[in-house]
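Report on one structure; see the data block that follows.
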Amino acid sequence: MASFKALTITLGLLTLVCACSADPRTAPGPSSSPEIPKITAHAAPVPGRQLGPAMYGHSSGFVSPAIGSVNGRPVIVTGGRDDLLRVWDLATRKLIGEPIPAGQDGVDHIELHHWDGKDIAVVSGGTLRAWDLGTRRPLTPPIKTQTLDTDLLAVGSHDGRHVALTEGESPFDLRVWNLTTGRAAGVPLKGHEAEPRAGAIGQLGGTTVAVTGDADGILRSWDLRTGEALATAKVTSMDYISSIAILEGVAVITGTDGDFYGHMERWDLSTGAVTEVKHKGGFLPIELHELDGRTVTILGGDSTLRVTDLATGELIGHGWDSDDLLDHVAAVGEYGNTPILVIGDRDGMLTIWDLRTGRQLGKPFFGYGGDIETLAVTKVRGRAIAVTAGDDDTIRMWDLVTHKPFRAPISCSCIEHAPMTTATRDGKPVIIYADADIEHGLVARDAATGKRVDKTELSVASADGIAQLSADGSVVAAVTRDGEAELWELSAESRLRQVTATEVDAVAVGGRIIATASGDQIKLWDRAIGRPIGKPITSGGQAESLAIGQVDGKTIVFFRRKYAPEWGGIRLWDATTGEPYGKALSIRSTAMAVTRVGSRTVLVTGQNDGTVIVWDPQTMKPLLPPFSGHHGAVSGVAVTMIKGEPIAVSGGDDGSIRTWDLTGLSH
């Protein structure tokens, strides 16, 4: 099997069993990793200890997949904007081990190789690095240049060294990197007068050469030993070069014209001749492969895949529907004797196709842990449950003891970054969120069954996005599109009552009090009669969120700032006197929760750096060391009880839900 493009990897022989894979919508891909241990009592509690592995489920974002093997086991390796590398068993579609924190500023491209007896992933994003997939350890220090963001053009071997070709530090230059030492190899390759777009490393008459193409359609070949340009040519049929492969002394270039119709050209590196490979229809050449002794190109377009003979341009077999997954074509390889194509789409879904028949092998599965946009906790039949909404238009629920899905995901038209909360309706736990299908009205779903039990035409979208929701028992407080505060009393009658505040940015309900924030003022209201209490509080800035809690026998309003210079900072106000309470927190918090743990009130914050901190509101000092684990910002925090002991729950932009031991705070 020849290796053509960055993602084309040869697989060993194995019997095809893909058809038995799990359906991701009933058992999310990442959560089907090896058995997660249950949370058990421990003799010497260690507050702040993470309880069990993280839980992944929401799937979204661009997936960069590659096909290869680890210790002889056929795998798919995926990466995405969460900076994590995931290794999947190709037969079972299950995650192998925990994700590898392999990226920085996203994983854009992955190349798999078997070098020196090791299974290697070369990963580019904000940095370039080679990883040993067997040990899950880096083989090189992170490589980062001024322009490496990261345009990895090619990976190959040169003079017994494993090297990568990327853009250089100067405009239009190229650089070769030694993937063992992490250092530059040789001199920069100079000559392009436009941005390099694609490249390949191969052999020409015993000499290791690189072929690169730039934004002006100029092709150059290079002697990697001397750094000298060998030849120059220009593509004639395309405006945008997307990929280059070197095959037996010929460079094959794919790309599109100004109308985004796909084209393919061949550059004979010995004679210098450039010829177009003709194919019928407006299809985009997306991959090269060897199939049954012939070099073929896989063409994508109009929601259809086609396989054509590279030499003749003739269609092999029949085109087949691909469900419009071709924007992010992934990798070509073999599975046993079956040539396969793995496609990752913009929703984070992976599908596997038989290149001979066009038949999809098994069911789709999700290969990326996308953003968790909001998080809440509740109790269902006595079980502690985390509820998350993600950017994949699903609401997912997790048993916080077993770390396994509590039920199948709930499809929703959840508004992006809209808040969610949990409340009670007629004594039963419900999930409250804003739904685009009812003009951004609020929906209540039974937490046990997932069925919708109520809705209101209360439109909660505002000009600046979706304001916070707050709940206390069966009362839900929301900010309307018109900037007013509304109370929704969940019952068989589902009544609405308006608070006469205007231009409201945030709202909170707790006990008999409602707090509303408008501009730099906070107003307090008597929930029973809907009238103001006391004088407005001057907060000093616009609120991102509010909360109400009891501290030292006093009713305290917790205010989290929305904008700079104190973005994410938290201040406390005495609801009775309107005066500041205690110290302000100058932190970059991205989420806030106020709750009772035993006899004390605690403030839990999620940070922009991925940490979770538990604070004493009286002193504004941390009660425990920061909890570290998320890769990226924390988007939601909450506290609940398991077997009489408190835990913190956090969700993050890395798609994970993590639980933290708070044992000791309640004693």
Side-chain angles (χ1 to χ4, degrees), residues 3 5-12 63-90 95-169 174-186 188 199-202 208 210 224-225 330-331 333 367 631 654:
S3 175
K5 200 181 167 189
L7 302 175
T8 306
I9 306 297
T10 301
L11 300 181
V63 178
S64 298
I67 305 172
S69 64
V70 176
N71 299 324
R73 185 180 186 181
V75 298
I76 298 172
V77 180
T78 62
R81 64 185 179 187
D82 60 354
D83 298 338
L84 299 177
L85 207 62
R86 291 175 169 82
V87 183
W88 304 84
D89 187 300
L90 186 53
L95 186 68
I96 301 173
E98 285 291 296
I100 303 170
Q104 183 175 323
D105 298 328
V107 173
D108 296 330
H109 191 74
I110 305 168
E111 285 236 25
L112 300 186
H113 295 267
H114 186 76
W115 286 338
D116 306 326
K118 299 176 181 178
D119 298 302
I120 306 300
V122 181
V123 181
S124 68
T127 60
L128 175 71
R129 205 168 194 183
W131 290 78
D132 185 329
L133 293 177
T135 64
R136 294 175 173 260
R137 293 183 178 180
L139 295 174
T140 58
I143 302 169
K144 188 174 180 66
T145 71
Q146 292 178 3
T147 60
L148 189 60
D149 190 29
T150 303
D151 289 323
L152 173 64
L153 302 181
V155 175
S157 296
H158 171 52
D159 285 345
R161 298 170 296 176
H162 307 304
V163 297
L165 177 66
T166 73
E167 289 187 8
E169 295 183 0
L174 299 163
R175 196 82 211 197
V176 179
W177 301 90
N178 187 322
L179 289 175
T180 301
T181 65
R183 297 177 180 175
I201 296 174
T208 303
L224 289 189
R225 185 169 48 84
H631 304 282
D654 59 359

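Residue numbers count from 1 along this sequence.
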Where is the tightest heavy-atom contact between Thr208 and Ser157, given as atom of each residue plus distance? CG2-O, 3.6 Å

My understanding is that only residues two or more places apart in sequence, or in another chain, count here; which of them pass side-chain contact (heavy atoms from CB on, under 4.5 Å) with Ala154? Leu165, Ile201

Give the minimum heavy-atom separation between Arg136 and Pro99, together with the two atoms involved. NH1-C, 4.5 Å

By salt bridge (charged side-chain N to carboxylate O under 4.0 Å, His left out), which residues pair with Arg183, not counting sequence neighbours? none

Val75 side chain near Trp88 side chain, heavy-atom distance below 4.5 Å: no

For Asn178, check side-chain hydrogen bond (donor to acceptor under 3.5 Å, both in side chains) against everything at least two apart and list the hits. none

Heavy-atom pair of closest approach, residues Asp159 and Arg225: OD2-CG, 4.4 Å

Rounded to the nearest 0.5 Å, what separates atom CG in Leu128 from atom OG1 in Thr140? 6.5 Å

Show your reasoning for whether side chain to side chain contact (heavy atoms under 4.5 Å, CB included) applies to Thr166 and Trp177. CA-CA 8 Å; Thr166 73; Trp177 301 90; 2.9 Å; yes

Atom CG of Leu153 and atom NE2 of His109: how far apart are they, to the nearest 0.5 Å? 9.0 Å

Would you say Asp132's side chain and Lys118's backbone share a donor-acceptor pair under 3.5 angstrom? no

Shortest non-hydrogen pair, Val123 vs Leu85, comes out as CG2-CD2, 3.8 Å

Ile76 CD1 to Ile110 CD1 distance, which is reported to the nearest 0.5 Å: 11.0 Å

Side-chain contact test, heavy atoms from C-beta onward, threshold under 4.5 Å: evaluate it for Val155 versus Leu179 and give yes or no. yes

Is a side-chain donor or acceptor of Arg175 paired with a backbone partner of Gly186 at a separation under 3.5 angstrom? yes

Nearest-0.5 Å distance, CG of residue Asp119 to NE2 of residue His113: 12.0 Å

Heavy-atom nearest pair, Leu112 first then Ala121, reads CD2-CB, 3.6 Å

Sequence neighbours left out, what passes side-chain hydrogen bond (donor to acceptor under 3.5 Å, both in side chains) with Asp116? Give chain and number order. His162

Using side-chain hydrogen bond (donor to acceptor under 3.5 Å, both in side chains) as the criterion, list what pairs up with Arg73, not counting sequence neighbours. Asp89

Whether the side chain of Thr127 engages the backbone of Ile143 through a donor-acceptor N/O pair (distance < 3.5 Å, no angle test) should be reported. no

List in chain and number order the residues that pass side-chain contact (heavy atoms from CB on, under 4.5 Å) with Pro138, two or more places apart in sequence or in another chain; answer none if no residue qualifies. Arg129, Trp131

When rounded to the nearest 0.5 angstrom, what distance separates NE2 in His114 from CG in Leu133? 11.5 Å

